[in-house]
Amino acid sequence: MADYTFETVTHSVHRWIIPAPEPLGAAAEEISKAWAVAANAYRETYELASTEPIPGEALRFHVRDAAIVIEYATEERA
């Protein structure tokens, strides 16, 4: 009989979507607000103190047709 293990991995992506329609784009204030909320959510998810730095590659920024998206991913193993 073969020996093996089994696991289930749930991958979640958390996104903050800031409208950035042309020709004006998104205001820095709106990006800043969403970035702060995303950073706080990341800290809460990974139980980081407010004084601990967030890893440099944790939050990702993406440009869509008419939006800027800030995101981070989590994985849970069962």
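Counting from 1, the numbers follow the sequence of the chain as shown. All values below come from the heavy atoms of this structure, side chains included, with hydrogens, waters and symmetry mates left out.
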request  = Show your working on salt bridge (Lys or Arg N to Asp or Glu O under 4.0 Å) between E7 and R77 and close with a plain yes or no.
outcome  = CA-CA 7 Å; E7 72 178 352; R77 297 189 188 304; 3.8 Å; yes
query = Under the side chain to side chain contact (heavy atoms under 4.5 Å, CB included) criterion, do Y46 and T74 qualify, and how do the steps go?
reply = CA-CA 9 Å; Y46 290 100; T74 59; 3.4 Å; yes
task = Would you sort out whether W16 and V69 count as a side chain to side chain contact (heavy atoms under 4.5 Å, CB included), showing the intermediate values?
result = CA-CA 6 Å; W16 289 262; V69 179; over 6 Å; no
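Atom CZ of F61 sits about 8.5 Å away from atom CD1 of I68, to the nearest 0.5 Å. Separating the OH atom in Y42 from the NE2 atom in H14 is a distance of 10.5 Å, to the nearest 0.5 Å. Taking OG of S12 as the reference point, atom CD of E75 lies at 9.0 Å (rounded to 0.5 Å). Annotation: the span from I54 atom CD1 to L48 atom CG amounts to 7.0 Å, rounded to 0.5 Å.
A distance-only check finds a donor-acceptor pair linking the side chain of E52 to the backbone of A49 [under 3.5 Å]. T45 places a side-chain N or O within 3.5 Å of a backbone atom of A41 that can act as its donor or acceptor partner.
By the 4.5 Å heavy-atom criterion applied to side chains, H62 and E71 are counted as neighbours.
Summarising the geometry of K33 relative to E30, their closest heavy-atom pair is NZ-OE2, 3.0 Å, with the distance given to 0.1 Å. Residues I17 and P19 come closest through the heavy atom pair O-CD, 3.7 Å.
When the side chains of ILVMFWY residues are joined at heavy-atom separations under 4.5 Å, either directly or via intervening members, V37 and Y72 end up in a single hydrophobic cluster.
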